[in-house]
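Residue numbering restarts at 1 for every chain, and letters A, B, ... go by the order of the sequence lines.
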Protein chains: 2
Amino acid sequence: MALEHAILVSLAERSASGYDLARRFDASIGHFWRASHQQIYKVLARMETDGWVASQVVPQDGRPDKKVYAITRAGRDELARWTSAPTPAEHLRSEFAVKLRALPFGDASAIVDDVRARRRAHVERLAYYEDSAARHYPRPDDLADAELGGWLVLRGGILSEQAGIAWCDEILQRLTEPADR
Amino acid sequence: MALEHAILVSLAERSASGYDLARRFDASIGHFWRASHQQIYKVLARMETDGWVASQVVPQDGRPDKKVYAITRAGRDELARWTSAPTPAEHLRSEFAVKLRALPFGDASAIVDDVRARRRAHVERLAYYEDSAARHYPRPDDLADAELGGWLVLRGGILSEQAGIAWCDEILQRLTEPADR
DNA sequence: GATGACATGTAATGAGTTACATGATTGC
DNA sequence: GCAATCATGTAACTCATTACATGTCATC
């Protein structure tokens, strides 16, 4: 499971409550590893019994108390151990690919609409990543060690969205201009 | 859930036993939607009670009997219905991205090894897809309707592997030649 | 006699989603 | 008064993986 490790990375960067983590997962990290707040609370509880994180209740005024989690020594050890183990192979899992393959048995015009929507989503995320890159890493040739990982992850997102857009364009060309061939 | 629909597509192309489906998922379709034989048998059973598929036991000589599943009228209807509904947004889920982000807290040289292994896997899959494309679709400008979906899926695989390789190359350049900057 | 392909499953566990539950404060 | 944000959870359920279970036949 990598959710635990995603949380460890996030807490290693900065301590946070479950609620804070859920928001981070909605924003930056979550583009590469989704998690709901329910799941985060559950995993945090297990991680605390494992000794990877420690919590401290922080009273706030005008707002509910919050439980701030910090990574422990054991958590840092686990994170280091995890990075030195090979990542298991990741397989694509694309409902969209299955749907393309269903073309001869389905509604081609609805699928075309779907491709268009998908392309828009790719374009949006690409813009978000490029904006993020420009704001957080204005000088990519001159990155500190602590920034390198975040930059490379964003680059991966950018390359992946560009590939996604190129794919949609190929599909649309095939599905919307059959008369030209 | 799309496993049901992946199975429906596969059965729409050709009737098969659970065992046959498991092998297809290991080969072609499985590059975009993995499934184990255990899961396939379970889902097939549910799909049969739902009336989407019907099975017939076929005795064989020299081999165990097999249960051959065929898609039903209701299954085809469901497949058509599914293609006309929009595909829910797909989010990346990359343990590898999390690991990159863990760079400042982990073992950089082990991560470099991991990137190299990952690059090799991408190169291998790319070769597989290109070979598949050349063998099954030798004339891509002149595809029958029934072939188009399969071809487009392969193109998606090819574009995605190429993007993966480009990403690995960027990462390796950053992590192995820092002295040049 | 061992290994591997063929063939179909069950059981236990873990991962993840959806729905539900509660309660304070801030701004419209 | 109502919705939104802050804050933390539980319960039920579905999805997926891992381990286990059984048995035939063909080939080395």
**Q** Taking only the side-chain heavy atoms of A/Tyr41 (C-beta and beyond), determine which of D/dC15, C/dG9, D/dG9 contains the nearest atom.
**A**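 Of all the options, the side chain of A/Tyr41 is nearest to D/dG9.
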**Q** Round to the nearest Å and state the distance from A/Asp65 atom CG to C/dA24 atom P.
**A** 12 Å
**Q** Between the main-chain N or O of B/Glu95 and the side-chain N or O of A/Glu90, is there a donor-acceptor pair closer than 3.5 Å?
**A**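 The answer is yes, because a donor-acceptor pair under 3.5 Å joins these two groups.
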**Q** Please determine whether a side-chain nitrogen or oxygen atom of A/Ser17 lies at a distance below 4.0 Å from atom OP1 or OP2 of D/dT8.
**A** yes
**Q** With a 4.0 Å limit, can you tell me whether B/Arg23 has a side-chain N or O closer than that to the phosphate oxygens OP1/OP2 of C/dC6?
**A**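 Yes.
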**Q** Side-chain N or O of A/Gln38 versus OP1/OP2 of D/dG9: is the shortest distance under 4.0 Å?
**A**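 No.
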**Q** Between B/Asp114, B/Asp107, B/Asp113, which is the residue that forms a salt bridge (Lys or Arg N to Asp or Glu O under 4.0 Å) with B/Lys99?
**A** B/Asp114
**Q** Closer than 4.0 Å, any side-chain N/O of B/Lys42 to the OP1 or OP2 of D/dA16?
**A**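 Checking B/Lys42 against D/dA16: no side-chain N or O falls below 4.0 Å of OP1 or OP2.
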**Q** Identify which nucleotide among D/dA7, C/dT18, C/dA7 has an atom closest to any side-chain atom of B/Gln60, counting heavy atoms from C-beta outward.
**A**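 Out of D/dA7, C/dT18, C/dA7, the nucleotide with an atom closest to B/Gln60's side chain is C/dA7.
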**Q** Within this structure, what is the NE2-to-C1' distance between B/His37 and D/dA16, rounded to whole angstrom?
**A** 13 Å
**Q** How about CD on B/Glu130, more than 12 heavy atoms from neighbouring residues, nucleotides or ligands closer than 6.0 Å, or not?
**A**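 Yes, because the 6.0 Å sphere around CD of B/Glu130 holds more than 12 heavy atoms from other groups.
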**Q** Given C/dT17, is OP1 or OP2 found less than 4.0 Å from the side-chain N or O atoms of A/Gln39?
**A**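 Yes.
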**Q** Using a cut-off of less than 4.0 Å, is there contact between a side-chain N or O of B/Arg93 and OP1 or OP2 of C/dG16?
**A** yes
**Q** Quick check for you: among D/dG9, C/dG23, D/dA16, whose closest atom lies nearest to any side-chain atom of A/Pro64?
**A** C/dG23
**Q** Given D/dG9, C/dC6, D/dA16, identify the nucleotide with an atom nearest to the side chain of A/Lys67.
**A** D/dG9
**Q** Ignoring the backbone of A/Lys66, work out which of D/dC15, D/dT8, C/dT8 is nearest its side chain.
**A**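 Among the listed nucleotides, the one closest to the side chain of A/Lys66 is D/dT8.
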**Q** State which of D/dA16, D/dT8, C/dT8 makes the closest approach to the side chain of B/Tyr19.
**A** C/dT8
**Q** On the 0 to 90° scale, with breaks at 30° and 60°, tag the B/Phe32-B/Tyr129 ring pair as parallel, tilted or perpendicular.
**A**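 Correct class here is parallel.
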**Q** Which listed nucleotide (D/dA7, C/dA7, C/dG9) is nearest to the side chain of A/Arg63?
**A**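 Nearest to the side chain of A/Arg63 among the choices is D/dA7.
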